[in-house]
Amino acid sequence: MKKTFQIAAALLCAFSMAGCSVRNDQEPVQMDFFAMDTYMTFTAYGDGAEQALAQAEEEIRKLESEWSVTDESSEIWAVNHSGGEPVALDSETAQIVRFALDMAEETDGALDPTIYPVLEAWGFTTDENRIPGEEEIQTLLANTGYEKVELNGSQITLRPGMEIDLGAVGKGYAGDVVAALVEEAGITSALLDIGGNIQAVGSRPDGTDWRLGIRSPYGEGTIGALSVSDCAVVTSGNYERYFIGEDGKRYGHIIDPATGHPVDNGLASVTIIADEGKMGDALSTSMFVKGLDQAQEYWRAHQDFDMIIITEDGRVYLTENLENRFVLSESYGNLEVHVISS
Ligand code: ADP
Ligand code: MG
């Protein structure tokens, strides 16, 4: 299954590379590739765009090799197989782990980078999905808890049996890194799509806002368009990576750390608009876990980001700043729109 996916991605990449060797000023340079277990599409305008994007791809591959949970040469693999011994991390990896732990605390554990053993039990790490028994889940939960991780500077110590994974924040963090890289190369107009995490660098070449299609959690196509510039737009949902259990129920890949079960709270997706990708990524996952009421409460207490919440039963909630920035697609014009105000 994954193999076919990769071959398809490789083909796609080959075609797009051929397509981008010739360009003029109006035409963007575009690159597609498969990394971090997802498709990436980078688009940039202006002089030096091609070189900047090639550099960005290289950077993504470097970060992927450091943060992979399955690659035996990665730093995270070393941490997860340390048997309780301290491990010295590269400073960039230490930074993202620090960020994930801080956000875990800030969200009262809705985000928890130590949830990995539970994720494995549900088969989300191997695509061999199963429904674990309650006893098994409780035993594994005893090996989770961000507050048990010791991170002193760049030195990390996990208790035996614990494992960490940067799945919920890594792509967002990588987005910030490549956006900075592209900006340093003098590019003022680029869209970096990191598996659905969009990093908008500047605005469109003519200075107007980007219009981003927000994917519908109900099926194909986009549910609406969002006008933004210079920010990260990150979506989490249960509509992309999930399995249908023998009981006929749908189980998604975002786990509620409080129960050890996939989130099942009536939300279909959460999109976060934030200055930084890592913040968008951490919040999209954790607000999805929190659910409609608690996510709104969290937003009211912080208000340094914007949010689109879509429920399974067809309601759309927008934080007040988005009222004039988000328009539903015609085919979804019947959805009920609510505004979350401070
Ligand atoms: P995606 O990777 O599909 O963009 P997310 O950013 O929401 O979606 O991250 C989901 C991934 O994060 C899961 O595949 C898993 O690796 C990990 N994960 C699942 N639940 C949690 C959680 N509550 N806290 C932290 N990480 C989680
Ligand atoms: Mg996330």
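Every number for a ligand or one of its atoms is a count from 1 in the order of the listing. Numbering of residues begins at 1 and proceeds along the displayed sequence.
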Checklist entry - Can you tell which part of I254 has a heavy atom less than 4.0 Å from ligand 1: side chain, backbone, both or neither? => result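 It is both backbone and side chain that touch ligand 1.
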Next on the checklist: Does only the side chain of L119 get under 4.0 Å from ligand 1, or the backbone, or both, or neither? Count heavy atoms.
Outcome noted: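 The side chain, only.
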Checklist entry - Tell me: protein heavy atom nearest atom 21 (C) of ligand 1, and distance? => result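 The closest heavy atom on the protein side is I115 CG2, 3.8 Å.
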Checklist entry - Please state which protein non-hydrogen atom is closest to atom 26 (N) of ligand 1 and give its distance, to 0.1 Å? => result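 Among all protein heavy atoms, the one nearest atom 26 (N) of ligand 1 is A168 CB, 3.3 Å.
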Is there a nitrogen or oxygen of [X] sitting under 3.5 Å from a nitrogen or oxygen of ligand 1?
X: S236; result: yes
X: T285; result: yes
X: D112; result: yes

Would you please determine whether [X] falls within less than 4.0 Å of ligand 1 on a heavy-atom basis?
X: H253; answer: yes
X: S286; answer: no
X: P257; answer: yes

Checklist entry - Do the non-hydrogen side-chain atoms of I194 and V178 ever get within less than 4.5 Å of each other? => result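 In short, these two side chains touch, coming nearer than 4.5 Å.
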Next on the checklist: Tell me whether the rings of H302 and F305 are parallel (<30°), tilted (30 to 60°) or perpendicular (>60°).
Outcome noted: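 Aromatic pair H302/F305 classed tilted.
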Next on the checklist: Classify the ring geometry of F33 against F42: parallel below 30°, tilted from 30° to 60°, perpendicular beyond 60°.
Outcome noted: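 Because their plane-to-plane angle is over 60°, the rings of F33 and F42 count as perpendicular.
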Item to check | Of the listed options N238, I255, V270, D165, closest to atom 22 (C) of ligand 1 (non-hydrogen atoms) | outcome: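 Shortest heavy-atom distance from atom 22 (C) of ligand 1: I255.
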Checklist entry - When rounded to the nearest 0.5 angstrom, what distance separates CD in E106 from CG in D108? => result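 That separation rounds to 8.5 Å.
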Checklist entry - Short check: any N/O/S atom of A168 below 2.8 Å from the Mg ion (ligand 2)? => result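 True for A168.
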Item to check | Metal check, the Mg ion (ligand 2) vs N197 N/O/S, cut-off below 2.8 Å | outcome: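 No, N197 does not qualify, because none of its backbone or side-chain N, O or S atoms lies under 2.8 Å.
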Checklist entry - Strictly under 6.0 Å, is that where the ring centroids of W122 and H253 end up? => result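 No, they do not, as the ring centres are separated by 6.0 Å or more.
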Checklist entry - Would the F34 and Y39 ring centres measure less than 6.0 Å apart? => result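 Close enough - the centres of the two rings lie under 6.0 Å apart.
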[X] and [Y] ion-paired at < 4.0 Å:
X: D313; Y: R315; result: yes
X: E59; Y: K62; result: yes
X: R250; Y: E312; result: no

Checklist entry - So which N/O/S atom does D281 have closest to the Mg ion (ligand 2)? => result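 The atom in question is OD1.
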Item to check | For D281, atoms of ligand 1 separated by under 4.0 Å from a heavy atom | outcome: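 Heavy-atom distances to D281 below 4.0 Å select 6 (O).
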Item to check | Per-atom contacts, ligand 1 versus K171 - under 4.0 Å to a heavy atom | outcome: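 In order of numbering, the contacting atoms are 1 (P), 2 (O), 4 (O).
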Item to check | S284-S236 side chain donor-acceptor pair, cut-off 3.5 Å | outcome: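 Side-chain D/A pair, S284 to S236: present.
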